[in-house]
Amino acid sequence: MLLVHYLREVLALTGTHVGCETSICGACTVLIDGLAVKSCTMFAVQADGVNITTIEGLAANANLHPMQEGFWESTDCSAAIARPE
């Protein structure tokens with residue numbers, strides 16, 4: 001199972017999306033140990049023992065993170081896909 005599907009289907013972290021199914025758009029990007037990784041290119045089992053931060057994990061004290069604000073304010077199609085649900 002790909003990491004993006006594990007995050008969405010098993011952990012119910014639906015802010016991470018499959019946008020293009022080719023790894024080009026970046027809608028599936030998460031932080032793995034602080035580095036941006038496209039979760040559609042990685043198997044969930046490969047993430048065992050790492051620290052994963054999704055778009056949902058960026059907010060603090062009910063305030064949107066600047067990246068979340070950017071997605072929210074953007075009119076770009078790929079950014080619209082990556083908005084948290």
Side-chain angles (χ1 to χ4, degrees):
M1 174 180 272
L2 291 174
L3 179 57
V4 66
H5 296 300
Y6 185 84
L7 293 170
R8 291 183 59 78
E9 298 166 18
V10 177
L11 300 180
L13 295 171
T14 58
T16 304
H17 288 264
V18 178
C20 63
E21 299 195 17
T22 61
S23 78
I24 294 173
C25 75
C28 66
T29 303
V30 297
L31 297 177
I32 300 211
D33 290 333
L35 299 174
V37 173
K38 293 179 181 176
S39 62
C40 69
T41 65
M42 182 176 189
F43 291 111
V45 69
Q46 292 174 290
D48 186 35
V50 302
N51 182 10
I52 301 172
T53 304
T54 65
I55 193 74
E56 293 95 339
L58 295 178
N61 301 321
N63 296 316
L64 292 179
H65 182 275
M67 185 179 294
Q68 292 169 312
E69 284 281 344
F71 286 144
W72 186 255
E73 294 171 1
S74 176
T75 57
D76 178 80
C77 289
S78 63
I81 292 169
R83 287 183 187 160
E85 294 175 353

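If you're wondering where the values come from, they're calculated on a predicted model, not measured in any experiment. Numbers for residues simply follow the sequence, beginning at 1.
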**Complete:** On a heavy-atom basis, the closest approach of Ile24 and Lys38 is O-NZ, 3.7 Å

**Request:** Please round to the nearest 0.5 Å and tell me the distance separating atom CE of Met1 and atom CD of Glu9.
**Result:** 5.0 Å

**Message:** A side-chain contact here means heavy atoms from C-beta on lying under 4.5 Å apart; do Met42 and Ile32 qualify?
**Reply:** yes

**Message:** Suppose we screen for side-chain contact (heavy atoms from CB on, under 4.5 Å). Which residues come up paired with Leu13, at least two apart in sequence or across chains?
**Reply:** Leu7, Leu11, Thr54, Glu56

**Prompt:** Any link between Val10 and Leu3 through a network of hydrophobic side chains (Ile, Leu, Val, Met, Phe, Trp, Tyr) touching at under 4.5 Å?
**Reply:** yes

**Prompt:** Taking C-beta and beyond as the side chain, do Ser39 and Thr16 meet within less than 4.5 Å on heavy atoms?
**Reply:** yes

**Asked** Applying the 4.5 Å side-chain criterion to the ILVMFWY set and letting contacts propagate, would Val30 and Phe43 be lumped into a single cluster?
**Response** no

**Message:** Please say yes or no: joined through hydrophobic side-chain contacts below 4.5 Å, possibly via intermediate residues, are Leu35 and Leu2 part of one cluster?
**Reply:** no

**Prompt:** Taking the side chain from Asp33 and the backbone from Asn51, do they hold a donor-acceptor pair closer than 3.5 Å?
**Reply:** yes

**Prompt:** Do Val18 and His5 have side chains that get closer than 4.5 Å, going by heavy atoms?
**Reply:** yes

**Request:** Grab the two heavy atoms, one from Val4 and one from Cys40, that are nearest each other, plus how far apart they are.
**Result:** CG1-CA, 3.9 Å

